[in-house]
Amino acid sequence: MIALARKYRPKQFADLIVQTHVAAALRGAVAAGRVAHGYLFAGPRGVGKTTAARILAMALNCERRDAAGVAGEPCGACESCTRIWTGAANLDVVELDAASNRGVDDARDLRERAMYAASAEGRHKVYIVDEAHMLTREAWNALLKILEEPPRGVVFVFATTEPQKIAQSAAPILSRLQRFDFRRIGPHAITDRLKQVLAAEGLGADDDALRLIAKSADGGMRDGLSILDQVLSFGAGPVTAQRVRDVLGLIPDEMYGDLLRLVAERDAKAVFPLVERLVDAGADLGEFVAGAGEVLRAVLLVGLEGTPEGLTEGMLALIERYRSLLPPPDVVRLLAVLSEMETQLRTGGSARLAVELLLLRWAMMGRTVELEAVIRALGGEPGMRPGKGDAPAVLRDAAVRSAAHPSPAVSPAVPPAVPPPEKGPLSLDRLRALWPRIVEDARVKSPLLGALLQTTEIAEVDGTTLAIRLLDTNPVHLEGLERQRDAVAQVVARYTAEPIRIRLEGAARGDRHAARPARMTEEGVRADRLTALRARDPSLNTAIEALDLELLE
Ligand SMILES: [Zn+2]
């Protein structure tokens, strides 16, 4: 049995899924007779880099090129195409793996071989150097000499997963290469392709099974097909999600369901039994934590009216069941705890204890309660004095977070302590001084926006562009803010004389020293805001006292 990844390897540019931009450019170059002497194919593993190089070799040497009516496309079936595609005793394509051939001697050898050029008159010879970032500086120097005076009919394709390393060790050669960036293949594209392959093989599979394979393939088509091969080799009949889980040793959805339940219902006592079951089942705890992060991210996405990709039906049903108990501000905080504990989870001595601590912190975390909801629950209009002891039990021990403070409109009895924003010049100092107030305004507009802006600072003002820097490294926060960029611009524009644009900067990873002073300031700001809030709305004070609540922020 031929491995599926090999059997279904594309034979034409048109078969290169997702990399259509590369396929179109290469096809055009072949059709116009303008193929370069050197290419750099950059991108993750298994997305079609060497396949594209082989198709390029086929197109350059095809005996019946353009036969299908598409200029520059190889026929995929002639003797030359077949020879190149199968890799049988091939003189026109030379594949080298830089990870194993990396000495200067190999480069010299390569140079000598390249001088002999193509196997026959009018033919092209394509050298494919895989893992090109592993080549030594000496090897690159030798290659640079070849590319300075390229022999006729010779094309070099350097494939790499780490183009930045080539930029460091062989910058001069980069200017002689035409670069193409290959995209990661998304889960939808992988499942679609797996379906086609299964149909061609006369086999069936559950949609959930294919989703699990696509997820494990992590952006690589070749890996996707290899996993399918593995699953097919265990047992017969249709491919089910259970079969995929068994073969790949995946953690079942039910475990994540139990996790969502214990976090949503704050059932801390369920933490130890859950971790015990995971350990008993031989699950990889690191994988479980990563999976938990993905599930929470999906809950956040659903809460913000997005659609998570690549989840099984079972997982989507679980998320649907618990989403109302896990509103976006809560999930953002859960994810913040995860990113805070990341190092500990990765490097800590006891993985089990670290996971237990993470789950306990999640299960015990206070919930975001909108202040207006607290006041409503106290049975009074905002601004009125609440009665004692008649609050619903659900709020009794909730840690109240002032997600929104009553605006003057809701609380007519209390005059606003802070004047409405004044428009002024767009200067760095002014906006930095105003930033806590602006964040507060954003919070009134949307508690989530306020939460996202909580750990930010103003990096710079450049013309009419305001650069905002995130002080934590959680990618979810950056993504969240990216989506709300217009909303941020609107809030800030209330304070500026001219309309502005927002640019976002991620925190530098591991840059603790830079973040520390900002965090100190943030704490100060938080305390100031709390005092201001309590002074502005006496009902908040009363509510806190009446319910014996802890005000977190
Ligand atoms: Zn052909």
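Just so it is clear, the values below take in all heavy atoms, side chains as well, and ignore hydrogens, waters and symmetry mates. In each ligand, atom 1 is the first atom listed, and ligand 1 is the first ligand listed.
D253 pairs by the salt bridge (Lys or Arg N to Asp or Glu O under 4.0 Å) definition with R245, not counting sequence neighbours. When the ring-ring contact (aromatic ring centres under 6.0 Å, His included) test is applied to Y8, no partner is found at least two apart in sequence or on another chain.
A distance of 6.0 Å separates CG in L147 from CG in L177, rounded to the nearest 0.5 Å. If you take CZ on F182 and OG1 on T51, they are separated by 9.0 Å, rounding to the nearest 0.5 Å.
Between Y322 and G257, the shortest heavy-atom contact is CE1-O, 4.0 Å.
Excluding waters, the set of protein N, O or S atoms lying under 2.8 Å from the Zn ion (ligand 1) comprises C62 SG, C75 SG, C78 SG, C81 SG.
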Pair up each side-chain donor or acceptor in residues 279-295 with any protein partner under 3.5 Å, not counting sequence neighbours, and list the distances.
from	atom 1	to	atom 2	distance (Å)
D284	OD1	G286	N	2.8
D284	OD1	E287	N	3.3
E294	OE1	K215	NZ	3.1

